[in-house]
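Inspection log for the structure reproduced underneath, given as structure tokens.
Owing to the predicted nature of the structure, the values given are computational and were not obtained by experimental measurement. Heavy-atom basis, side chains included; hydrogens, waters and symmetry copies ignored. Every chain is numbered from 1 and lettered A, B, ... according to where its sequence line falls, protein lines coming before strand lines.
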Amino acid sequence: MLDSPHSASLETLLLHHEIETFNTRYAAALDAQTLSDWVEMFTEDAFYVVLSRENAERNYPVGLIYCEGRAMIRDRAFALDKTAMFAPRYLRHLITNLSVTGTDADGVIHATANYLVTQVLLDRPDATLHQVGVYEDQFRRTAEGLKLKSRRCIYDNLLVDNALCIPV
Amino acid sequence: MLDSPHSASLETLLLHHEIETFNTRYAAALDAQTLSDWVEMFTEDAFYVVLSRENAERNYPVGLIYCEGRAMIRDRAFALDKTAMFAPRYLRHLITNLSVTGTDADGVIHATANYLVTQVLLDRPDATLHQVGVYEDQFRRTAEGLKLKSRRCIYDNLLVDNALCIPV
Amino acid sequence: MLDSPHSASLETLLLHHEIETFNTRYAAALDAQTLSDWVEMFTEDAFYVVLSRENAERNYPVGLIYCEGRAMIRDRAFALDKTAMFAPRYLRHLITNLSVTGTDADGVIHATANYLVTQVLLDRPDATLHQVGVYEDQFRRTAEGLKLKSRRCIYDNLLVDNALCIPV
């Protein structure tokens, strides 16, 4: 252990960095469309939902995507893998403003982060803002490292021309 | 104290993290429109200004927003609270590229960071770039933690359809 | 040395921070158009290329910009300095999702980061997404600090109205 006045802060820094690293890997998996890697970042009982800020603020659970458990998350990823052939696109996640808000009695770590996802359709030259929002997260430590027990992606907007419900 | 070659760097890291955390809270207050929290992030004598990069580079002090002291900042926030009813919107701040540039003899910490603010008007489905720029900051330590003694928000652009002078 | 279970992680943190700081300085040089500073961030034998994600994924080396060695990078910067007069613009880099992926036997540090560059043309009021992509980097330690031995800027998109090949 560190016998310094900064010990507590160092712990905080290391945890912050660990979650930042997780989010970077998460974004890379989605940007590279290696969705089987993406699925493995959730716990078996994970909750994954993508819903509008409007619904989130009114406590309406209805979302674009609603998955209870990794099996549903996997189904969603594979469905995308098939249909994505029809509309190839490039995505790019920028994740910022990470806040690790606390760890509860069960060891679950709570955090939030802002995200911005750009999209390029392969027949158009410009990037557009696909989705902007906030991740509301719960992480759990497992034998394989940190995993998401819950991620709620609450988006401010959604482009109308986006037919697919792409994970973010 | 840490007896290691990294002590100095660790101090640097901790300060960097502290300011990053401040900026994340700052952004969250504006994004959630909890403007009374936002006001409290400034010192009593704080300087807060939002001005164009063009004017900043020419040393013209004229800005969209110009506040000397927290009382003026509070007035601005309350004015917004009232008028915002007429044009509801969602904002989202992404703050990146933090640079802590130094601490002067009076203990004032100097830093900069880039920001990008997206805006969603509630009658339109897409997010647009509301403002992109740089924060030029001075922080002071107080009994209540870090506060902004000065924040100059220097924006590259401003959307013309933006009637309100929203704090960023 | 730190005799703590966190030593390894602290090393990781410090290296992460060092590269993040480098990227922040890099972005600041381009945003302020102090291109002579930008040039000095590369090693003498540096490789600098800007190419499309499409070409990168197919292993086509063809890019918008292709420089072998700092002399070519300097030529590119000076060419820009002259032609930029005809189309003044503001750029702003947001660099996120830094991942330090490893250090090889020669001490070369490998890293990636996502970038988003906004552009404001001075006769138009709005900011647009100029370029979104990923930096694939190799850093080398020199007597003057970290330098880029190789930076591949792989962009998802490019606005068609962009006549100049601006470094990113």
Residues 58-68 of chain C, side-chain donor-acceptor partners within the protein, below 3.5 Å, at least two apart:
{"from": "C:Y66", "atom 1": "OH", "to": "C:E68", "atom 2": "OE2", "distance (Å)": "3.1"}

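With a threshold of 4.5 angstrom between heavy atoms, A:E20 approaches chain C through side-chain atoms but not through N, CA, C or O. When heavy atoms are compared at a cutoff of 4.5 Å, C:L98 approaches chain A solely by way of its backbone atoms N, CA, C and O. With a 4.5 Å cut-off on non-hydrogen atoms, C:E54 touches chain A through its backbone and its side chain both. With a 4.5 Å cut-off on non-hydrogen atoms, C:V134 touches chain A through its backbone and its side chain both. Only the side chain of A:L116 comes within less than 4.5 Å of a heavy atom of chain C; its backbone N, CA, C and O stay farther away. Heavy atoms of A:T21 lying under 4.5 Å from chain C are absent altogether.
Chain C forms the most heavy-atom pairs under 4.5 Å with one residue out of A:L94, A:T118, A:V120, and that residue is A:L94.
With rounding to the nearest 0.5 angstrom, the NE2 atom of A:H130 is 10.0 Å from the CG atom of A:L121. Note that CZ of C:R140 and CD of C:Q138 are 9.0 Å apart. Values are rounded to the nearest 0.5 Å.
Within the 4.5 Å cutoff, the side chain of A:R25 has no heavy atoms near those of the A:N23 side chain.
The one candidate from C:D137, C:D104, C:T103 that meets the side chain to side chain donor-acceptor pair (under 3.5 Å) condition with C:H110 is C:D104.
Residues of residues 37-50 of chain A having a heavy atom under 4.5 Å from any heavy atom of chain C: none.
Applying the side chain to side chain donor-acceptor pair (under 3.5 Å) test to C:K147 and every residue at least two apart in sequence or in another chain returns C:E144.
Heavy-atom minimum distance, C:R89 versus C:Q33: O-OE1, 4.0 Å.
Contacts classified as side-chain hydrogen bond (donor to acceptor under 3.5 Å, both in side chains) and involving residues 93-102 of chain C (residues at least two apart or in different chains) are given here: C:D31-C:H93.
A cation-pi arrangement is present between C:R151 and C:Y26, with the terminal nitrogen or guanidinium carbon under 6.0 Å from the aromatic centre and inside a 45° cone about the axis.
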